[in-house]
Colleague: 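Below you will find the structure I want to go over with you.
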Amino acid sequence: APRAVALAVIDAVDQSLKLGEAIEGEVASERAVLVLLADERGRSALGASLCGAGSDPLQATAAATIDAAARLSSEQ
């Protein structure tokens, strides 16, 4: 599911971005989503979002994808 959500966000935000990976896992007993994006110039950016108790992991994936996209756009 994280990959599908990340691809949908990329499609809506900036179709030139490429998804490297979208994973949900545990970091120091916290649930987290990490999304790695790359742009057409070969630059990469990592976005992250926590999805702890009561949080929606799909929304966390969308937030992490937007975070990574924003990092790439701020580097221009």
Side-chain angles (χ1 to χ4, degrees):
R3 183 168 185 82
V5 171
L7 288 171
V9 171
I10 289 168
D11 192 44
V13 173
D14 184 347
Q15 295 178 2
S16 71
L17 297 176
K18 302 294 180 215
L19 177 62
E21 189 69 63
I23 58 169
E24 181 183 343
E26 192 169 302
V27 178
S29 75
E30 291 282 346
R31 297 296 300 164
V33 175
L34 301 175
V35 175
L36 179 66
L37 299 181
D39 66 12
E40 64 273 357
R41 297 186 343 205
R43 298 175 306 158
S44 295
L46 183 67
S49 183
L50 293 176
C51 55
S55 297
D56 180 3
L58 300 180
Q59 184 175 355
T61 302
T65 306
I66 291 168
D67 182 33
R71 290 174 193 274
L72 285 171
S73 69
S74 70
E75 292 178 5
Q76 291 183 7

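We use all heavy atoms of the structure for the numbers below, so side chains are in, but hydrogens, waters and symmetry mates are not. For clarity, every value in this text was computed on a predicted model and none was experimentally measured.
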Colleague: Quick check for you: to the nearest 0.5 Å, what is the distance between L19 atom CG and T65 atom OG1?
Modeller: 7.0 Å
Colleague: Locate the shortest heavy-atom distance separating L58 from A1; write the atom from each residue and the value.
Modeller: CD2-CB, 4.0 Å
Colleague: About how many Å separate CD1 of I66 and CZ of R71, when rounded to the nearest 0.5 Å?
Modeller: 13.0 Å
Colleague: Once you round to the nearest 0.5 Å, how far does CD of E26 lie from SG of C51?
Modeller: 10.5 Å
Colleague: What distance separates S44 OG from K18 NZ, expressed to the nearest 0.5 Å?
Modeller: 13.0 Å
Colleague: With sequence neighbours left out, what residues match D11 under side-chain hydrogen bond (donor to acceptor under 3.5 Å, both in side chains)?
Modeller: Q15
Colleague: Return the minimal non-hydrogen interatomic distance between A60 and V33, and the atom names on each side.
Modeller: CB-CG2, 4.1 Å
Colleague: Through direct or indirect side-chain contacts below 4.5 angstrom among Ile, Leu, Val, Met, Phe, Trp and Tyr, which residues connect to L34?
Modeller: I23, L36, L46
Colleague: Please give me the minimum heavy-atom distance between A6 and T61, naming the atom from each residue.
Modeller: N-CG2, 4.0 Å
Colleague: Can you tell me how far apart CZ (R43) and CG (L37) are? Round to the nearest 0.5 Å.
Modeller: 11.5 Å
Colleague: How many angstroms lie between atom OG of S16 and atom CD1 of I10, to the nearest 0.5 angstrom?
Modeller: 9.5 Å
Colleague: Specify the closest pair of heavy atoms between A69 and V13, including all atoms of both residues, with the distance to one decimal.
Modeller: CB-CG1, 4.4 Å
Colleague: In the single-linkage hydrophobic clustering (I, L, V, M, F, W, Y; side-chain heavy atoms under 4.5 Å), do V35 and L17 co-cluster?
Modeller: yes
Colleague: Tell me every residue that passes side-chain hydrogen bond (donor to acceptor under 3.5 Å, both in side chains) with R3, counting only those two or more places apart in sequence or in another chain.
Modeller: none
Colleague: If I compare all heavy atoms of G47 with all of D67, which pair ends up nearest, and what's the gap?
Modeller: CA-OD2, 3.3 Å
